[in-house]
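Worksheet: the structure to be examined is printed underneath.
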Amino acid sequence: MRAARTLAVTATAFAALGLAAPLATATNEPGNVSADAVQVQRGGDNTNGVTVSPFAVHQGGLLTITARGCAGGTVTSDAFTTTNLTGSTNGLSTATVRIFNNATPGQHTLTVTCDGRTRTASFRVLAGQGAAGGLGGSLAPSSTEMAVGGSLVAAAALGGGLFVARRRRMSGAV
């Protein structure tokens with residue numbers, strides 16, 4: 001009987017692994033991706049030398065603007081406050097801006113002014129604040145969470161103590 005159970009559990013584990021393998025191996029290799037008009041529209045290198053990353057950003061999120069061939073300057077838009085581009089490194093100037101929390105969702109245009117030239121790029125503002133991912137446990141639990149956790153530990157300790165005490169009485173009676 002034990003061998004049958006062991007065989008059934010092993011077969012189930014291998015079946016689950018076999019069904020998950022195609023999904024695990026399905027990847028989009030970077031070598032298979034080529035730059036096209038859609039990538040340019042979504043924040044890739046524009047013909048005017050201004051790029052945004054990411055192309056779509058949530059309200060309150062950060063947007064990075066890079067301008068090629070620009071030695072300083074300003075970036076303006078109706079979705080964030082006017083910001084200065086940082087100094088040129090290898091011919092690239094950058095600025096990071098925070099999108100307004102109440103920015104209107106949809107397509108927006110930003111204007112980069114530097115060296116007497118004006119260039120534009122577009123980006124999309126998404127509704128909502130987005131996920132607060134990547135905190136990695138840097139937030140402490142609230143007092144409510146601590147109270148619930150403490151009461152669960154106390155209940156487990158009480159239940160375990162009662163179980164051991166009852167078991168001793170039953171074994172002592174024999």
Side-chain angles (χ1 to χ4, degrees), residues 1-33 35 38-39 41-44 51-66 75-86 89 94-110 121-174:
M1 191 68 164
R2 271 191 172 153
R5 277 192 199 148
T6 304
L7 183 61
V9 169
T10 304
T12 303
F14 278 120
L17 183 64
L19 291 174
L23 182 61
T25 59
T27 60
N28 187 7
E29 296 293 327
N32 297 340
V33 180
V38 173
Q39 284 181 317
Q41 182 185 17
R42 295 191 177 237
T51 58
V52 294
S53 178
F55 173 75
V57 62
H58 284 279
Q59 295 167 326
L62 294 177
L63 180 71
T64 301
I65 300 108
T66 305
V75 181
T76 58
S77 175
D78 62 342
F80 54 82
T81 58
T82 300
T83 305
N84 292 325
L85 289 164
T86 61
T89 304
T94 61
T96 301
V97 296
R98 181 172 298 283
I99 304 298
F100 294 136
N101 289 335
N102 60 350
T104 306
Q107 198 78 10
H108 289 267
T109 302
L110 62 87
S122 61
F123 63 98
R124 181 175 297 131
V125 174
L126 304 173
Q129 297 296 316
L135 295 176
S138 63
L139 298 176
S142 68
S143 58
T144 304
E145 292 169 335
M146 291 296 288
V148 169
S151 62
L152 288 173
V153 169
L158 180 63
L162 290 173
F163 177 75
V164 169
R166 184 171 177 211
R167 192 171 171 122
R168 279 190 185 159
R169 256 190 265 136
M170 291 180 72
S171 62
V174 175

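Not measured: the values here are computed from a predicted model.
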**Asked** Going through the distances and angles, do Thr82 and Val75 end up as a side chain to side chain contact (heavy atoms under 4.5 Å, CB included)?
**Response** CA-CA 6 Å; Thr82 300; Val75 181; over 6 Å; no
**Prompt:** Side-chain donor-acceptor pair under 3.5 Å between Thr94 and Thr86, yes or no?
**Reply:** yes
Within the side chain of [X], is there an N or O that forms a donor-acceptor pair under 3.5 Å with the backbone of [Y]?
{"X": "Thr83", "Y": "Thr81", "result": "yes"}
{"X": "Ser77", "Y": "Thr109", "result": "yes"}
{"X": "His108", "Y": "Asp78", "result": "no"}
{"X": "Gln59", "Y": "Ala103", "result": "yes"}
{"X": "Arg98", "Y": "Gly61", "result": "no"}

What heavy-atom pair brings [X] and [Y] nearest, and what distance separates the two atoms?
{"X": "Leu62", "Y": "Val57", "result": "O-CG2, 3.5 Å"}
{"X": "Val125", "Y": "Thr104", "result": "CB-O, 3.8 Å"}
{"X": "Pro54", "Y": "Leu63", "result": "O-CD1, 3.0 Å"}
{"X": "His58", "Y": "Ala127", "result": "ND1-O, 3.3 Å"}
{"X": "Ala79", "Y": "Phe123", "result": "CB-CZ, 3.8 Å"}
{"X": "Gly60", "Y": "Asn101", "result": "CA-OD1, 3.1 Å"}

**Request:** Dump the intermediate steps for side chain to side chain contact (heavy atoms under 4.5 Å, CB included) on Thr64 and Val52, then the final yes or no.
**Result:** CA-CA 6 Å; Thr64 301; Val52 294; over 6 Å; no
**Prompt:** Going by heavy atoms in the side chains, are Thr51 and Ile65 under 4.5 Å from each other?
**Reply:** no
